[in-house]
There are 2 protein chains.
Amino acid sequence: MVTTCAGVSAAPGGDPYQQGCPTRRILDRIGDRWTVLVVGALGDGTARFSELKRRIEGISQKMLTQTLREMERDGLVTRTMYAQVPVRVEYQLTDAGMSLRGPLKALEEWSIEHLGMVMTAQQVYDQPS
Amino acid sequence: MVTTCAGVSAAPGGDPYQQGCPTRRILDRIGDRWTVLVVGALGDGTARFSELKRRIEGISQKMLTQTLREMERDGLVTRTMYAQVPVRVEYQLTDAGMSLRGPLKALEEWSIEHLGMVMTAQQVYDQPS
DNA sequence: CCGTATCCACCGGGATACTG
DNA sequence: CAGTATCCCGGTGGATACGG
C-alpha cells in the first residue's frame, strides 16, 4: 500500500512517511493531547472559555488558550468576543472543525472497544516470567 | 452535552474529559507522533525492523524501538525473532492493530482533504493587518 | 542486524502573578 | 472573565557509542 503525500509528493506514488510532509504536520497537530478533547468539548454548539476549561479537566489556562489559538489559526474554530464587562468570549467549531468530529469519534470508539484488551495485554506483558 | 468516560452515556465511569480517564490514556498513546505512522507502515503484512526504519523517514532507531515496544505491550503488534546471524526480527499487526487502521485512515484522509484549507487559513491568520 | 545505554539539548507545559 | 507574561522543571527524543 503506497499512498501519496497529500498528492503533492514530487515523485508520483511518493511516501506519506516523508519528513516534512504536510499531511504529517497536520496529523501532528490534531493528534496532540488537547485538540482532540477541545473538539469533543465544543461538540455541537458554542462554548465560553471558562466553560471549556471546566469541561476539560486537567487542562491549564495556558494550554487551553494556546490550543484554541492554534485551532483558530488552522480554521477549526471561530472566536467571538463581546465587548462587555466582564468580557465574554465564545468559541465554536467551523465546518472544518465539525468535519473532524467523525474521524475523532471513530478513534474514541476504538479506544472504548479495545480498552479492556489493551489493559490485559499490558498486564501479561509486564508479568515477570 | 455530557458524555461519560468510555463513552458510556449516562453514568458509571464519569466524564471522558476527566484526568486519568483510561480512554484518555489510550488516546494519548495512539495519538503520539510515531504510532500512527508505524501502523500505516506495517500496513498489510510483515516488516523487518530496518524496513520500518527506512519507510518512516525521520524516525530514530531509539524512537522506533520504543514505539514498537509500547505497541507490543499494548497488544497491537507481534514481534518474531529468528535466531540466526545476522539477527532477523519481524513485526506484524495483531487483529487489534489491524482494526486501528480504519480510524487512522479516516484521520489521514481528513488531513489530505483539508490540507489546502488549513494552509490558507494559516496565511490569512498570519496576515499583518 | 537489531537492538541497549548514556548523555544532553530542547521545549512542552504547569504554577504563578499580573492586566484590560 | 479572559487572557498575557515569566519562570522553571521534567520528560521527549536526537546523537552517539557499544553489545549479542
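Protein chains get the first letters and strands the later ones, always in sequence-line order, with residue 1 at the start of each.
Residue I59(A) contributes atom CD1, which lies 12 Å from atom P of dG3(D) at whole-angstrom precision. Whole-Å rounding puts the L68(B) CG to dC2(C) P distance at 11 Å. Atom CD1 of I56(A) and atom P of dG14(C) are 12 Å apart (whole Å). Rounded to a whole Å, the CH2 atom of W34(A) is 15 Å from the P atom of dG12(C). Atom CD in Q66(A) sits about 7 Å away from atom P in dG13(C), given to the nearest Å. As a whole-Å value, the separation of K62(A) NZ from dC7(D) P is 12 Å. We find that CG of L64(B) is positioned 8 Å from P of dG3(C), with the value rounded to whole Å.
The two residues L104(B) and V36(B) have their closest heavy-atom pair at CD1-CA, 4.1 Å. Counting all heavy atoms, side chain and backbone alike, H114(A) lies closest to S99(B) at NE2-OG, 3.2 Å. Nearest heavy-atom pair, G75(A) versus A96(A), reported as atom, atom and distance to 0.1 Å: O-CB, 3.8 Å.
A heavy atom closer than 4.0 Å to some atom of DNA chain C occurs in no member of residues 47-54 of chain A. Contacts between residues 74-91 of chain A and DNA chain D, defined by a heavy-atom separation under 4.0 Å, are made by R79(A), P86(A), V87(A), V89(A), Y91(A).
Using a 4.0 Å heavy-atom distance criterion, Q61(A) is classed as a base contact.
Between the side chain of T94(A) and the backbone N or O of L76(A), at least one donor-acceptor pair lies under 3.5 Å.
Between E51(A) and the options R48(A), R55(A), R54(A), K53(A), a salt bridge (charged side-chain N to carboxylate O under 4.0 Å, His left out) holds for only R55(A).
An OP1 or OP2 oxygen of dG3(D) is reached within less than 4.0 angstrom by a side-chain nitrogen or oxygen of R69(A).
Distance OG1/T67(A) to CG/L52(A): 10.5 Å, rounded to 0.5 Å.
Within a 6.0 Å sphere centred on CG of D95(B), other residues, nucleotides and ligands contribute 12 heavy atoms or fewer.
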Q: Would you sort out whether R101(A) and L93(A) count as a side-chain contact (heavy atoms from CB on, under 4.5 Å), showing the intermediate values?
A: CA-CA 10 Å; R101(A) 293 176 65 201; L93(A) 288 179; 3.9 Å; yes
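Y125(A) and V89(B) are not part of a single hydrophobic cluster, where members link through side-chain heavy atoms under 4.5 Å apart.
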